[in-house]
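Every heavy atom of this structure was used, including side-chain atoms; hydrogens, water molecules and symmetry mates were not. Naming: A, B, ... by sequence-line order, numbering from 1 per chain.
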Number of protein chains: 2
Amino acid sequence: MRIYSWNVNGIRSVAKKDCLPWAILPGAEVICLQETKAQPQQIPDLTDPEGWHGAWHSAKKPGYSSVAILSRDKPDEVVPGLGHDDFDVEGRVLAARFGTLVVITAYFPNSQELGKRLDYKLAFCAHLEGYLAAWRAKGCQVVLLGDYNIAHRPIDLARPKENEKNAGYLPGERAWMDRYLGLGYRDVFRERNPELAGAYTWWTNWGGARQRNIGWRIDYATVSPDLVSRVQDAAIHPMVMGSDHCPVSIDLG
Amino acid sequence: MRIYSWNVNGIRSVAKKDCLPWAILPGAEVICLQETKAQPQQIPDLTDPEGWHGAWHSAKKPGYSSVAILSRDKPDEVVPGLGHDDFDVEGRVLAARFGTLVVITAYFPNSQELGKRLDYKLAFCAHLEGYLAAWRAKGCQVVLLGDYNIAHRPIDLARPKENEKNAGYLPGERAWMDRYLGLGYRDVFRERNPELAGAYTWWTNWGGARQRNIGWRIDYATVSPDLVSRVQDAAIHPMVMGSDHCPVSIDLG
DNA sequence: CATTAGAAG
DNA sequence: CTTCAAATG
């Protein structure tokens with residue numbers, strides 16, 4: 001099964017551009033979306049596309065953040081939120097369980113200018129660890145797809161040196177990625193393409209950055225150790241337009 | 001001399017549409033603008049078009065209200081505001097004197113849903129009377145061009161009955177127009193076209209109202225009595241696009 | 001329905 | 001540079 005993840009930067013924006021994920025992502029069986037920037041009642045025509053099951057978890061504040069999981073099969077269970085109000089009011093985490101496989105999408109907080117929100121982000125990361133562990137304790141295999149808002153290593157962004165003090169590449173964020181992978185979760189894309197430079201999933205809108213491929217890899221699909229053997233492919237899709245992010249995907253056998 | 005008045009609904013908006021007033025209004029010698037929605041420092045390229053003298057009076061709040069007068073001849077005097085802070089912070093009145101002729105532009109307040117701001121508007125009107133009288137006391141002839149935000153009589157809007165409780169056609173507003181003309185100021189366009197229906201200067205953006213000419217005449221060029229004999233023409237220009245209002249003009253011999 | 005500003009990314 | 005919301009018309 002092919003699972004996609006895409007930060008669409010506004011589902012209504014991609015709709016207007018005729019780039020709806022379920023219409024343009026080939027072979028998708030599950031689609032995780034971040035930054036849909038809408039509450040379900042604002043987008044009645046988009047919540048349940050023909051042939052899909054839609055699960056939506058949105059921020060309290062209209063037009064902010066929000067995530068969704070669309071799947072061809074109806075999930076056995078859908079769980080919105082991390083179970084902690086500080087984060088759940090921002091609509092950042094959503095899980096859909098299919099048997100013992102749980103597909104989790106996350107839109108990690110941006111740590112912001114001067115790291116103004118770094119503490120919030122790291123607290124989110126800490127709670128996420130426990131949350132994932134709880135799924136695993138229940139006997140589930142976990143795949144976590146989304147916008148982590150972190151470039152892990154120098155190879156994961158075009159201008160590492162220049163960005164050492166910028167949100168998304170702060171030492172504290174990168175250290176959390178180390179920690180997370182240290183827990184056994186696997187960044188399969190990077191494992192299979194250890195030296196591949198220029199593999200990015202986000203580009204600023206300014207100055208033709210995408211055209212010139214001045215980007216960052218901040219969207220990931222990571223899996224729990226017990227899932228690695230099932231991974232047939234892990235890819236990024238930089239030609240898919242419609243957002244400032246591109247989709248990533250993982251194929252499970 | 002031909003004097004135009006146009007509520008442009010954002011000078012930056014008409015610029016983007018290549019509808020800049022000084023580029024498209026034929027034979028203009030003076031142009032009064034309302035709802036420019038910009039402070040001069042936000043639009044350095046627009047404040048002093050080649051071949052024109054620009055005078056701008058803007059609201060304190062960025063992007064709100066604001067008026068301007070562009071003229072081929074340099075005014076002998078430019079006076080921003082009504083001399084009353086309650087109104088002048090909203091950038092609604094501007095005068096340019098050429099000899100003893102004073103061209104005044106005004107963007108009257110909208111009385112808003114349920115007449116929420118009717119009192120403010122009528123206070124504005126009251127102060128305006130005194131302001132105009134002061135110019136006349138100095139020996140000036142007065143022409144007042146702008147968006148009065150009032151349809152005076154049933155003939156001045158397509159749906160009078162339906163709008164009797166709506167901003168722009170409230171009894172209090174219409175009564176002020178009666179009063180104002182009772183002071184001797186002359187609505188030359190209507191005097192010369194007493195029965196002309198369908199002569200509107202504003203149409204809502206909804207539902208093809210302009211296409212169907214479901215509009216209101218709320219923009220006027222009125223003159224003090226001593227100027228009537230110099231009026232060669234008074235017109236509206238409903239084919240000029242770029243705003244939800246169209247320009248009006250008056251020609252003085 | 002349209003413009004602008006402001007928050008956020 | 002882009003999205004969305006809110007205010008205002």
Applying salt bridge (charged side-chain N to carboxylate O under 4.0 Å, His left out), run through B:E90 and B:K61 and close with a yes or a no. CA-CA 7 Å; B:E90 298 197 356; B:K61 174 171 162 171; over 6 Å; no
Anything under 3.5 Å between a protein N or O and an N or O of nucleotides 6-8 of chain D, put it in a table, one pair a line.
unit_1 : atom_1 : unit_2 : atom_2 : d
D:dT8  : OP1    : B:K61  : NZ     : 3.3

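One can place CE of B:M241 at 14 Å from C1' of C:dC1, the figure rounded to the nearest angstrom. Whole-Å rounding puts the A:K116 NZ to C:dG9 C1' distance at 11 Å. In this structure, A:W203 atom CH2 and C:dG9 atom P are separated by 20 Å, rounded to whole Å.
You'll find the side chain of A:I218 stays beyond 4.5 Å of the side chain of A:Y148, heavy atoms only.
Counting only residues at least two apart or on different chains, the salt bridge (Lys or Arg N to Asp or Glu O under 4.0 Å) pairs with a member in residues 196-219 of chain B are B:D156-B:R217, B:D187-B:R217.
Taking the six-membered ring for Trp and thresholds of 30 and 60 degrees, A:F87 and A:Y120 have ring planes inclined between 30 and 60 degrees apart.
Annotation: ring pair (Phe, Tyr, Trp, His ring centres under 6.0 Å) contacts of B:W176 (sequence neighbours excluded): B:F108, B:Y180. Residues passing the side chain to side chain contact (heavy atoms under 4.5 Å, CB included) test with B:I3 are B:M1, B:V30, B:C32, B:V103, B:V143, B:L145, B:I250, B:L252, sequence neighbours excluded. Legend: residues meeting side chain to side chain contact (heavy atoms under 4.5 Å, CB included) with B:Q42, ordered by chain and number and at least two apart, are B:R12, B:A38, B:Q39, B:P62.
Near DNA chain C, meaning a heavy atom under 4.0 Å away, the residues from residues 7-19 of chain B are B:N9, B:G10, B:R12, B:S13, B:K17.
Nearest-nucleotide positions on DNA chain D place A:G207 closer to the 5' end than the other of A:A38 and A:G207.
Checking side-chain atoms of B:T36 against main-chain N and O of B:S66 turns up a donor-acceptor pair under 3.5 Å.
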